2 protein chains.
Amino acid sequence: MMNGTNPMDVFLSKCRQRNLKITPQRTAVFSALADAEDHPSADAVYQKVKKEFPNISFDTVNRTLIVFSEIGLAEVVEGQGDPRRFDPRMENHHHFYCVTCGKITDFFSEELDKIEIPTQIEQDFTVISKRMVLKGYCTDCRK
Amino acid sequence: MMNGTNPMDVFLSKCRQRNLKITPQRTAVFSALADAEDHPSADAVYQKVKKEFPNISFDTVNRTLIVFSEIGLAEVVEGQGDPRRFDPRMENHHHFYCVTCGKITDFFSEELDKIEIPTQIEQDFTVISKRMVLKGYCTDCRK
DNA sequence: TTGACAAATAGGAATCATTCTTATATAGGA
DNA sequence: TCCTATATAAGAATGATTCCTATTTGTCAA
Ligand SMILES: [Mn+2]
Ligand SMILES: [Mn+2]
Ligand SMILES: [Zn+2]
Ligand SMILES: [Zn+2]
(Lines give C-alpha, C1' and ligand atoms only; values in the text may rest on other atoms or scores of the structure.)
(Ligands and ions follow the chains in the order given, each with its own letter.)
Protein backbone atom coordinates (compact mmCIF):
# COMPACT_ATOMS: atom_id res chain seq x y z
CA MET A 1 0.00 0.00 0.00
CA MET A 2 1.26 3.45 -0.74
CA ASN A 3 1.89 6.07 1.80
CA GLY A 4 1.49 9.61 0.50
CA THR A 5 3.79 12.32 1.70
CA ASN A 6 1.27 15.09 1.93
CA PRO A 7 0.94 16.68 5.37
CA MET A 8 -2.30 14.94 6.27
CA ASP A 9 -0.81 11.50 5.56
CA VAL A 10 2.19 12.33 7.68
CA PHE A 11 -0.16 13.35 10.47
CA LEU A 12 -2.14 10.13 10.21
CA SER A 13 0.89 7.92 10.13
CA LYS A 14 2.59 9.68 13.04
CA CYS A 15 -0.56 9.33 15.13
CA ARG A 16 -0.87 5.64 14.32
CA GLN A 17 2.79 5.05 15.13
CA ARG A 18 2.24 6.52 18.57
CA ASN A 19 -1.20 5.08 19.19
CA LEU A 20 -2.73 8.51 19.29
CA LYS A 21 -6.37 8.44 18.40
CA ILE A 22 -7.36 10.26 15.29
CA THR A 23 -10.04 12.53 16.61
CA PRO A 24 -11.84 15.27 14.75
CA GLN A 25 -10.36 17.83 17.11
CA ARG A 26 -6.82 16.60 16.64
CA THR A 27 -7.28 16.53 12.90
CA ALA A 28 -8.70 20.04 12.84
CA VAL A 29 -5.87 21.40 14.95
CA PHE A 30 -3.39 19.77 12.62
CA SER A 31 -4.99 21.26 9.53
CA ALA A 32 -5.17 24.68 11.07
CA LEU A 33 -1.53 24.55 12.05
CA ALA A 34 -0.35 23.10 8.78
CA ASP A 35 -2.03 25.90 6.87
CA ALA A 36 -0.62 28.61 9.09
CA GLU A 37 2.22 30.70 7.77
CA ASP A 38 2.50 32.92 10.78
CA HIS A 39 3.96 30.83 13.60
CA PRO A 40 0.71 31.06 15.51
CA SER A 41 0.29 30.97 19.25
CA ALA A 42 -1.93 28.31 20.78
CA ASP A 43 -4.62 30.91 21.14
CA ALA A 44 -4.38 31.86 17.47
CA VAL A 45 -4.85 28.24 16.45
CA TYR A 46 -7.74 27.98 18.90
CA GLN A 47 -9.49 30.95 17.29
CA LYS A 48 -9.16 29.34 13.87
CA VAL A 49 -10.34 25.88 14.87
CA LYS A 50 -13.23 27.28 16.86
CA LYS A 51 -14.88 28.39 13.64
CA GLU A 52 -15.24 24.76 12.64
CA PHE A 53 -15.65 23.34 16.16
CA PRO A 54 -17.36 26.00 18.22
CA ASN A 55 -17.25 23.75 21.28
CA ILE A 56 -13.58 22.90 21.24
CA SER A 57 -11.74 24.01 24.35
CA PHE A 58 -8.58 26.02 24.44
CA ASP A 59 -7.02 23.34 26.56
CA THR A 60 -7.50 20.73 23.88
CA VAL A 61 -5.88 22.92 21.27
CA ASN A 62 -2.98 23.79 23.49
CA ARG A 63 -2.41 20.22 24.60
CA THR A 64 -2.66 18.98 21.05
CA LEU A 65 -0.07 21.45 19.82
CA ILE A 66 2.30 20.38 22.54
CA VAL A 67 1.76 16.76 21.53
CA PHE A 68 2.53 17.69 17.94
CA SER A 69 5.78 19.24 19.04
CA GLU A 70 6.60 16.04 20.91
CA ILE A 71 6.01 13.74 17.99
CA GLY A 72 7.72 15.84 15.36
CA LEU A 73 4.73 17.41 13.66
CA ALA A 74 5.62 20.91 14.79
CA GLU A 75 8.29 22.75 16.67
CA VAL A 76 8.13 25.28 19.44
CA VAL A 77 10.10 28.29 18.30
CA GLU A 78 11.86 30.96 20.24
CA GLY A 79 9.78 33.83 21.49
CA GLN A 80 10.38 36.71 23.82
CA GLY A 81 8.45 35.61 26.85
CA ASP A 82 5.31 35.89 24.78
CA PRO A 83 3.10 32.86 24.52
CA ARG A 84 4.70 29.89 22.85
CA ARG A 85 4.59 30.00 19.09
CA PHE A 86 4.43 26.93 16.96
CA ASP A 87 6.01 26.24 13.63
CA PRO A 88 4.68 23.53 11.36
CA ARG A 89 7.63 23.75 9.04
CA MET A 90 10.11 21.07 9.96
CA GLU A 91 12.73 21.70 7.31
CA ASN A 92 15.82 23.42 8.57
CA HIS A 93 15.30 27.13 8.28
CA HIS A 94 15.92 30.46 9.93
CA HIS A 95 13.90 33.24 11.48
CA PHE A 96 13.59 36.95 11.32
CA TYR A 97 11.77 38.32 14.39
CA CYS A 98 10.23 41.77 14.22
CA VAL A 99 10.72 43.46 17.56
CA THR A 100 7.81 45.81 16.93
CA CYS A 101 4.97 43.58 15.84
CA GLY A 102 6.34 40.18 16.88
CA LYS A 103 5.94 38.66 13.45
CA ILE A 104 8.31 35.79 12.71
CA THR A 105 9.34 35.44 9.10
CA ASP A 106 10.95 32.29 7.77
CA PHE A 107 13.90 32.36 5.52
CA PHE A 108 16.17 29.81 3.98
CA SER A 109 19.85 29.86 3.29
CA GLU A 110 22.03 26.97 2.28
CA GLU A 111 24.93 29.14 3.29
CA LEU A 112 23.67 29.40 6.86
CA ASP A 113 22.79 25.73 6.99
CA LYS A 114 26.39 24.83 6.22
CA ILE A 115 27.73 26.68 9.21
CA GLU A 116 30.01 24.70 11.45
CA ILE A 117 29.26 24.62 15.13
CA PRO A 118 32.38 25.28 17.21
CA THR A 119 34.12 22.10 18.29
CA GLN A 120 33.96 23.01 21.94
CA ILE A 121 30.18 23.19 21.81
CA GLU A 122 29.88 19.93 19.94
CA GLN A 123 31.97 18.31 22.66
CA ASP A 124 30.14 19.70 25.64
CA PHE A 125 26.58 19.49 24.37
CA THR A 126 24.35 17.35 22.22
CA VAL A 127 23.09 19.73 19.58
CA ILE A 128 19.77 18.81 18.04
CA SER A 129 19.03 21.93 16.05
CA LYS A 130 20.60 25.15 14.98
CA ARG A 131 18.96 28.28 13.76
CA MET A 132 19.95 31.80 12.99
CA VAL A 133 17.65 34.25 14.73
CA LEU A 134 17.64 37.77 13.37
CA LYS A 135 15.93 40.63 15.10
CA GLY A 136 14.89 43.92 13.63
CA TYR A 137 12.05 45.72 11.91
CA CYS A 138 9.85 44.19 9.27
CA THR A 139 8.69 46.00 6.16
CA ASP A 140 5.50 47.20 7.81
CA CYS A 141 7.17 48.37 10.97
CA ARG A 142 10.04 50.37 9.57
CA LYS A 143 8.99 53.80 8.43
CA MET B 1 36.82 64.34 33.49
CA MET B 2 37.37 60.72 32.89
CA ASN B 3 34.65 58.26 32.24
CA GLY B 4 35.42 54.73 33.36
CA THR B 5 34.24 51.81 31.30
CA ASN B 6 33.37 49.47 34.10
CA PRO B 7 29.75 48.31 34.16
CA MET B 8 28.65 50.62 36.96
CA ASP B 9 29.97 53.67 35.15
CA VAL B 10 28.18 52.62 32.00
CA PHE B 11 25.00 52.27 34.01
CA LEU B 12 25.39 55.70 35.55
CA SER B 13 26.13 57.41 32.29
CA LYS B 14 23.26 55.71 30.44
CA CYS B 15 20.85 56.74 33.16
CA ARG B 16 22.05 60.34 33.08
CA GLN B 17 21.83 60.43 29.30
CA ARG B 18 18.19 59.44 29.53
CA ASN B 19 17.30 61.43 32.60
CA LEU B 20 16.58 58.32 34.55
CA LYS B 21 16.97 58.83 38.23
CA ILE B 22 19.69 56.89 39.93
CA THR B 23 17.76 55.20 42.68
CA PRO B 24 19.04 52.58 45.09
CA GLN B 25 16.57 50.08 43.63
CA ARG B 26 17.67 50.70 40.06
CA THR B 27 21.29 50.44 41.06
CA ALA B 28 20.73 47.22 42.94
CA VAL B 29 18.86 45.66 40.03
CA PHE B 30 21.67 46.63 37.73
CA SER B 31 24.32 45.10 39.95
CA ALA B 32 22.36 41.90 40.35
CA LEU B 33 21.89 41.59 36.62
CA ALA B 34 25.44 42.52 35.74
CA ASP B 35 26.76 39.81 38.05
CA ALA B 36 24.41 37.14 36.71
CA GLU B 37 25.81 34.53 34.39
CA ASP B 38 22.61 32.62 33.94
CA HIS B 39 20.29 34.76 31.83
CA PRO B 40 17.97 35.22 34.77
CA SER B 41 14.24 35.76 34.62
CA ALA B 42 12.78 38.86 36.24
CA ASP B 43 11.75 36.74 39.16
CA ALA B 44 15.29 35.39 39.59
CA VAL B 45 16.66 38.93 39.72
CA TYR B 46 13.90 39.85 42.16
CA GLN B 47 14.91 37.04 44.50
CA LYS B 48 18.51 38.23 44.46
CA VAL B 49 17.77 41.91 45.01
CA LYS B 50 15.29 41.18 47.75
CA LYS B 51 18.10 40.00 49.98
CA GLU B 52 19.47 43.51 50.01
CA PHE B 53 16.14 45.35 49.69
CA PRO B 54 13.55 43.22 51.43
CA ASN B 55 10.84 45.72 50.56
CA ILE B 56 11.48 46.00 46.84
CA SER B 57 8.51 44.97 44.74
CA PHE B 58 8.58 42.52 41.90
CA ASP B 59 7.04 45.14 39.69
CA THR B 60 9.95 47.49 40.22
CA VAL B 61 12.46 44.81 39.32
CA ASN B 62 10.55 43.75 36.26
CA ARG B 63 9.98 47.30 35.06
CA THR B 64 13.60 48.18 35.67
CA LEU B 65 14.83 45.23 33.64
CA ILE B 66 12.59 46.22 30.76
CA VAL B 67 13.95 49.76 30.97
CA PHE B 68 17.47 48.35 30.86
CA SER B 69 16.61 46.46 27.72
CA GLU B 70 15.28 49.68 26.21
CA ILE B 71 18.37 51.72 26.91
CA GLY B 72 20.92 49.13 25.91
CA LEU B 73 22.01 47.86 29.30
CA ALA B 74 20.59 44.40 28.74
CA GLU B 75 18.87 42.40 26.09
CA VAL B 76 15.80 40.24 26.17
CA VAL B 77 16.78 36.86 24.80
CA GLU B 78 14.76 34.20 23.10
CA GLY B 79 12.86 31.84 25.31
CA GLN B 80 10.23 29.21 24.75
CA GLY B 81 7.17 30.94 26.06
CA ASP B 82 8.74 30.82 29.47
CA PRO B 83 9.16 34.06 31.30
CA ARG B 84 11.42 36.53 29.61
CA ARG B 85 15.09 36.01 30.29
CA PHE B 86 17.56 38.82 30.38
CA ASP B 87 21.11 38.91 29.21
CA PRO B 88 23.47 41.54 30.50
CA ARG B 89 26.14 40.64 27.99
CA MET B 90 25.90 43.03 25.11
CA GLU B 91 28.77 41.76 23.01
CA ASN B 92 27.71 39.82 19.97
CA HIS B 93 27.47 36.20 20.98
CA HIS B 94 25.47 33.02 20.53
CA HIS B 95 23.35 30.72 22.61
CA PHE B 96 22.97 27.09 23.37
CA TYR B 97 19.54 26.33 24.87
CA CYS B 98 19.06 23.10 26.80
CA VAL B 99 15.61 21.75 26.04
CA THR B 100 15.56 19.75 29.27
CA CYS B 101 16.58 22.20 31.96
CA GLY B 102 16.18 25.48 30.08
CA LYS B 103 19.68 26.65 30.78
CA ILE B 104 21.08 29.08 28.24
CA THR B 105 24.81 28.90 27.70
CA ASP B 106 26.72 31.64 25.92
CA PHE B 107 29.30 30.92 23.36
CA PHE B 108 31.45 32.97 21.06
CA SER B 109 32.58 32.35 17.54
CA GLU B 110 34.22 34.79 15.20
CA GLU B 111 33.31 32.40 12.46
CA LEU B 112 29.62 32.70 13.22
CA ASP B 113 29.85 36.45 13.66
CA LYS B 114 31.16 36.79 10.13
CA ILE B 115 28.14 35.13 8.60
CA GLU B 116 26.50 37.04 5.79
CA ILE B 117 22.79 37.62 6.01
CA PRO B 118 21.05 36.79 2.73
CA THR B 119 20.64 39.84 0.49
CA GLN B 120 16.91 39.39 0.26
CA ILE B 121 16.53 39.67 4.00
CA GLU B 122 18.78 42.71 4.18
CA GLN B 123 16.57 44.35 1.57
CA ASP B 124 13.23 43.54 3.11
CA PHE B 125 14.05 44.06 6.75
CA THR B 126 16.16 46.21 8.98
CA VAL B 127 18.29 43.75 10.88
CA ILE B 128 19.49 44.90 14.26
CA SER B 129 20.93 41.71 15.63
CA LYS B 130 21.79 38.21 14.62
CA ARG B 131 22.39 35.21 16.75
CA MET B 132 22.82 31.52 16.29
CA VAL B 133 20.48 29.59 18.58
CA LEU B 134 21.36 25.98 19.18
CA LYS B 135 19.06 23.58 20.95
CA GLY B 136 19.96 20.31 22.55
CA TYR B 137 21.05 18.72 25.79
CA CYS B 138 23.57 20.22 28.14
CA THR B 139 26.25 18.23 29.92
CA ASP B 140 24.09 17.65 32.98
CA CYS B 141 21.03 16.64 31.02
CA ARG B 142 22.48 14.13 28.63
CA LYS B 143 23.03 10.78 30.22
C1' DT C 1 19.79 74.38 52.21
C1' DT C 2 15.27 74.17 50.94
C1' DG C 3 11.13 73.58 48.17
C1' DA C 4 8.86 72.05 44.08
C1' DC C 5 7.88 68.59 41.10
C1' DA C 6 8.56 65.02 37.78
C1' DA C 7 9.81 60.47 38.21
C1' DA C 8 9.96 56.25 40.69
C1' DT C 9 8.27 53.08 44.06
C1' DA C 10 5.36 49.61 46.90
C1' DG C 11 1.57 47.03 47.13
C1' DG C 12 -2.11 45.04 45.47
C1' DA C 13 -5.50 44.27 41.79
C1' DA C 14 -6.17 42.93 37.16
C1' DT C 15 -4.94 40.56 33.16
C1' DC C 16 -3.27 37.04 30.28
C1' DA C 17 -1.35 32.54 29.18
C1' DT C 18 -0.92 28.04 30.65
C1' DT C 19 -1.72 23.88 33.19
C1' DC C 20 -4.47 20.98 36.13
C1' DT C 21 -8.65 18.46 37.62
C1' DT C 22 -12.51 15.74 36.91
C1' DA C 23 -16.66 14.05 34.97
C1' DT C 24 -18.08 12.56 30.47
C1' DA C 25 -17.56 11.00 25.70
C1' DT C 26 -15.45 8.37 22.08
C1' DA C 27 -11.97 5.96 18.71
C1' DG C 28 -10.53 1.82 17.55
C1' DG C 29 -9.48 -2.94 18.58
C1' DA C 30 -11.53 -7.43 20.28
C1' DT D 1 -21.38 -4.48 19.02
C1' DC D 2 -18.83 -3.92 23.32
C1' DC D 3 -14.94 -2.54 26.10
C1' DT D 4 -11.52 0.32 27.60
C1' DA D 5 -7.70 3.33 27.22
C1' DT D 6 -7.65 7.92 25.50
C1' DA D 7 -9.29 12.17 24.67
C1' DT D 8 -12.32 15.91 25.58
C1' DA D 9 -14.91 20.12 27.71
C1' DA D 10 -15.34 23.09 31.23
C1' DG D 11 -13.80 25.51 34.61
C1' DA D 12 -10.56 26.10 38.52
C1' DA D 13 -5.88 26.91 39.73
C1' DT D 14 -1.51 28.59 38.85
C1' DG D 15 2.11 31.56 37.27
C1' DA D 16 3.91 35.47 34.98
C1' DT D 17 3.27 40.02 33.77
C1' DT D 18 1.21 44.43 33.64
C1' DC D 19 -1.64 48.00 35.47
C1' DC D 20 -3.29 51.26 39.00
C1' DT D 21 -2.77 54.58 42.54
C1' DA D 22 -1.28 56.66 46.72
C1' DT D 23 3.11 57.79 48.53
C1' DT D 24 8.00 58.69 48.41
C1' DT D 25 12.22 60.46 46.55
C1' DG D 26 16.07 62.20 43.39
C1' DT D 27 17.26 66.27 41.12
C1' DC D 28 17.58 70.90 40.23
C1' DA D 29 16.78 75.73 40.63
C1' DA D 30 16.26 79.35 43.84
MN1 LIG E 1 9.57 28.97 10.83
MN1 LIG F 1 23.95 35.42 26.44
ZN1 LIG G 1 6.81 44.25 12.31
ZN1 LIG H 1 20.16 20.91 30.70
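As the structure is a computational prediction, the values presented were derived from the model and not from experiment.
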With a cut-off of less than 4.0 Å, is there a side-chain N or O of A:Q25 near OP1 or OP2 of D:dA9? yes
Is it the case that C:dC16 (base atoms only) and A:D43 (side chain only) share a donor and an acceptor within less than 3.5 Å, ignoring hydrogens and angles? no
Can a donor-acceptor pair be found between the side chains of B:S13 and B:R16 at a distance below 3.5 Å? no
Have A:D59 and A:N62 got a donor and an acceptor in their side chains that come within less than 3.5 Å? no
Hey, is the side chain of B:R63 poking within less than 4.0 Å of OP1 or OP2 on C:dT9, counting only N and O atoms? yes
Length of the OH-C1' vector between A:Y46 and D:dG11, whole Å: 12 Å
Measure NZ/B:K21 against P/C:dT9 and give the value in whole Å, please. 10 Å
Between B:R84 and A:I56, whichever has its closest DNA chain D nucleotide further toward 5' is A:I56
Between the side chains of B:E70 and B:K14, is the shortest nitrogen-to-carboxylate-oxygen separation below 4.0 Å, so that they form an ion pair? no
Per atom distances to the B:P83 side chain, the nearest of D:dT17, C:dA27, D:dA10 is D:dT17
In terms of side-chain heavy atoms of A:D59, which of C:dT19, C:dT9, D:dT18 is nearest? C:dT19
For a quick check of understanding: with a heavy-atom distance under 4.0 Å over all strands, which category does A:L65 fall into, base, sugar-phosphate or nothing? nothing
Report yes if at least one side-chain N or O of B:N62 is closer than 4.0 Å to OP1 or OP2 of D:dT18; otherwise report no. yes
Atom pair distance, as rounded to whole Å: CD in A:E70 and C1' in C:dT19: 13 Å
Regarding A:R84 and A:E78, does a basic nitrogen lie under 4.0 Å from an acidic carboxylate oxygen? no
Round to the nearest Å and state the distance from A:Q80 atom CD to D:dA16 atom P. 18 Å
Ignoring the backbone of A:T60, work out which of D:dA9, D:dT18, C:dG11 is nearest its side chain. D:dA9
Of the candidate nucleotides C:dA27, D:dT27, D:dA10, which contains the atom at the shortest distance from the side chain of A:S57? D:dA10
Can you tell me the distance, in whole Å, between the CD1 atom of B:I22 and the P atom of C:dA8? 11 Å
Please state how far atom CG in B:N55 lies from atom P in D:dT23, giving the value in whole angstrom units. 17 Å
Between A:I66 (CD1) and D:dA7 (P), how many Å, whole number? 14 Å
Pair B:R85-B:E75, salt bridge (charged side-chain N to carboxylate O under 4.0 Å, His left out): steps then yes or no: CA-CA 9 Å; B:R85 296 174 67 167; B:E75 188 189 350; over 6 Å; no
When all nucleic acid strands are considered with a 4.0 Å heavy-atom cut-off, which category describes B:P54: base, sugar-phosphate, or nothing? nothing
Consider ring-ring contact (aromatic ring centres under 6.0 Å, His included). Of B:H93, B:H95, B:H94, which one does B:F107 pass it with? B:H94
Comparing A:F53 with B:T23, nearest DNA chain D nucleotide closer to 5' gives the residue A:F53
Taking only side-chain N and O atoms of A:R26, does any of them lie within less than 4.0 angstrom of OP1 or OP2 on D:dA7? yes
Would you mind reading off the distance between B:R16 atom CZ and C:dA8 atom C1', rounded to a whole angstrom? 17 Å
